[in-house]
Amino acid sequence: MAYYVIVQGNNFPVTQYGGVGLNKYIINGGKKLSGRVRVHGAKNAVLPIMAAAVLSGDKCRIYDCPNLSDVNNTINIIRTLGCSATLAGDVLEIDSSAMSGWEIPEELMREMRSSIIFLGALVAKMGRARLCAPGGCELGNRPIDLHLKALRELGIEIREENGYIEAIADRIHPADIHLSFPSVGATENIILSSVCIKGETTISNAAKEPEITDMCDFLNKMGADISGAGTEFIRINGVAHLSGTDYKVMPDRIVASTLMCAAMTTKSEIELLNVRSQHLGAIVSVLRESGARIEFFKDKMYIRAPEKTGSVDMIKTQVYPGFPTDAQSPVMAALCYGNGTSVIVENIFDSRYKIIPELRKMGADILQDGRVAIIKGQKLSGAHIRAMDLRGGAALTVAALGAEGESLLDGIHYIERGYVELETMLQSIGADIKKI
Ligand code: UD1
């Protein structure tokens, strides 16, 4: 039986329930959307920023922090380490002056595999870390071999025993690290581990995702000396001290992509506030190919969907600035309504196709062969469907918004890991969606 944790607001206690999520969405499809909606701060930026904040030994204030279950879980991790962390509205305050812990309990690690990012932060700050290895998760096994190899190159002694990873940084030193694959998490872990090592550490074939640049901008504001973030070669000149700072998190490019796909499935025209055009190039190009009109004005964008969504020859998910794997499922939902056949190749995570059987329940015609999905567009109708992962859940919501009739979507606790009240965002632009 699967277990998950519901975090009540931003406060303890954490309550454990057996079974699957209790909340559901009821979506009456076919309603046009209109108006404007603001995109909240990026989950994948704020999580590493929260890990970085504990390095300050001081107070940090993080603005536009999304109130998500993953953020609340990370708050619990930070509190376990002896720091204080409070989220009031969208302002997160972390005070790490009393930090004393270097272990993350298994139940908190199990909740969120991306907590592996604390490995780097803990060795940098406490000189050691103990946490359980991330095993299977909603996207299949997430290996951390690249993280561990790189940290060992920094002289960190790492022992793996009974599912736990123990790291000791007694002989930590700078290094020139080459990543065989530009992993986002490994790049972040190397930066966090090395930010206070005396001397210069370099990363070649680093991941270039904007969320890494956001974490580096935050660290530099704390007094770090990191250059090259956003390129494949990053230099980290170790500094002796970091101090507290204030920082505003970048907008969530995947939330923006999801809302754009909602405009596509409902054939609507909407305005998104708080977006950065430079982060959305790959998705904008695909949606324009399928007929959308998209225009940017500073930090706003307008999208007008075509009456008939066109097909897209081939989408291949790639590392940034290629097409993001996280936007693949919402785009698949949009292409299910396409006028023709589209092809998707998923190159990053094997388990992204768990939504295909759910989309088929709505009438979608999708043929899957390994990493390749061939989508023949047509009308979808409402069905009882289940989210199996975060982006898949958002994609099913997007699909249901365009479908004829009512859909009941289970498993929305996955969606709440990455979208702040998706239902409220969508209601504000006219969608008929209710959380029950
Ligand atoms: C991050 C994002 C996630 C996004 C992904 C790719 C966060 C919290 N999560 O995840 O939403 O989908 O980037 O953009 O920021 N790999 C290895 N060995 C490793 C590390 C990774 O083989 O040591 C493989 C993974 O199995 C996967 C690929 O590399 O196939 C990409 O993983 P990675 O870039 O590390 O993604 P995450 O940091 O886990």
Side-chain angles (χ1 to χ4, degrees), residues 41-52 66 68-71 73-74 77 109 111-121 133-153 158 160 165 177-193 203 205-216 229-230 232 249-250 252-255 257-258 279 282-283 316-331 345-354 370-371 389-395 414-415 417-419:
K43 169 181 90 74
N44 286 354
V46 81
L47 299 180
I49 284 175
M50 290 171 77
L68 301 167
S69 54
D70 273 11
V71 166
N73 191 60
T74 309
I77 289 177
M109 275 304 287
E111 271 315 296
M112 214 181 60
R113 308 295 161 182
S114 56
S115 331
I116 189 66
I117 200 66
F118 276 90
L119 182 57
C137 72
E138 64 193 63
L139 288 179
N141 255 346
R142 272 171 119 149
I144 52 161
D145 52 316
L146 300 173
H147 302 234
L148 300 187
K149 182 172 179 286
L151 267 50
R152 286 187 171 118
E153 287 178 47
I158 293 175
E160 294 171 79
I165 297 168
I177 297 168
H178 177 83
L179 286 173
S180 57
F181 176 85
S183 151
V184 173
T187 303
E188 290 166 344
N189 250 333
I190 300 166
I191 296 169
L192 290 169
S193 308
I203 313 172
N205 200 27
K208 297 187 284 238
E209 272 65 4
E211 292 78 10
I212 299 174
T213 310
D214 215 39
M215 181 192 78
C216 292
E232 61 193 23
V249 178
M250 63 174 266
D252 196 309
R253 61 195 171 103
I254 307 302
V255 171
S257 305
T258 305
H279 295 166
I283 175 117
K316 290 183 180 171
T317 61
Q318 283 165 345
V319 296
Y320 189 83
F323 191 90
T325 176
D326 286 359
Q328 187 262 102
S329 301
V331 166
V345 183
E346 172 55 58
N347 289 313
I348 310 292
F349 287 112
D350 296 343
S351 315
R352 287 275 188 213
Y353 286 154
K354 281 193 278 188
R371 295 176 162 204
D389 62 54
L390 161 59
R391 304 303 171 189
Y414 285 117
I415 300 174
R417 293 186 50 190
Y419 297 79

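When a ligand or atom number is given, it counts from 1 through the structure's own listing order.
Residue-level proximity to ligand 1 for Arg391 is absent, since no heavy atom of it falls below 4.0 angstrom. Within the 4.0 Å heavy-atom criterion, both parts of Ile348, backbone and side chain, lie near ligand 1.
Contact between Ser114 and Leu47 at its shortest, heavy atoms only, is OG-CD1, 3.9 Å.
Among the atoms of Arg352, some N or O lies under 3.5 angstrom from an N or O of ligand 1. The shortest N/O to N/O separation between Asp326 and ligand 1 falls below 3.5 Å. Residue Ala186 places no N or O, backbone or side chain, under 3.5 Å from any N or O of ligand 1. Distances between N or O atoms of Ser183 and those of ligand 1 include at least one value under 3.5 Å. Inclusion of Asp145 in the set of residues having an N or O under 3.5 Å from an N or O of ligand 1 is warranted.
Glu209 meets the salt bridge (charged side-chain N to carboxylate O under 4.0 Å, His left out) test with no other residue; sequence neighbours excluded. Applying the salt bridge (charged side-chain N to carboxylate O under 4.0 Å, His left out) rule to Lys316 yields no partners; only residues at least two apart in sequence or on another chain are considered.
Residue nearest to atom 13 (O) of ligand 1, selected from Thr187, Ile144, Val184: Val184 (by heavy-atom distance). Among Tyr320, Phe349, Phe181, the residue whose heavy atom sits closest to atom 29 (O) of ligand 1 is Phe181. Between atom 22 (O) of ligand 1 and the options Pro48, Ser115, Pro143, the minimum heavy-atom separation is to Pro143.
Here is the list of ligand 1 atoms found below 4.0 Å of a heavy atom in Thr325: 6 (C), 12 (O). If you number the atoms of ligand 1 from 1 as listed, the ones under 4.0 Å from a heavy atom of Gly185 come out as 35 (O), 38 (O).
Ion pairing between a basic and an acidic side chain is recognised when a charged N comes within 4.0 Å of a carboxylate O; Glu346 and Lys354 show no such pairing.
The neighbour count for Glu153 CD, taken as heavy atoms of other residues, nucleotides or ligands under 6.0 Å away, is above 12.
Rounding to the nearest 0.5 Å gives a distance of 7.5 Å between CD1 of Ile283 and OG1 of Thr258. With values rounded to the nearest 0.5 angstrom, Ile144 atom CD1 is found 11.0 Å from Ile117 atom CD1. In this structure, Thr325 OG1 and Tyr320 OH are separated by 15.5 Å, a value rounded to the nearest 0.5 Å. Atoms CD1 and CD, from Ile212 and Glu188 in turn, are 5.0 Å apart once rounded to the nearest 0.5 Å.
Residue contacts with ligand 1 do not include Glu211, since none of its heavy atoms lies under 4.0 Å from the ligand.
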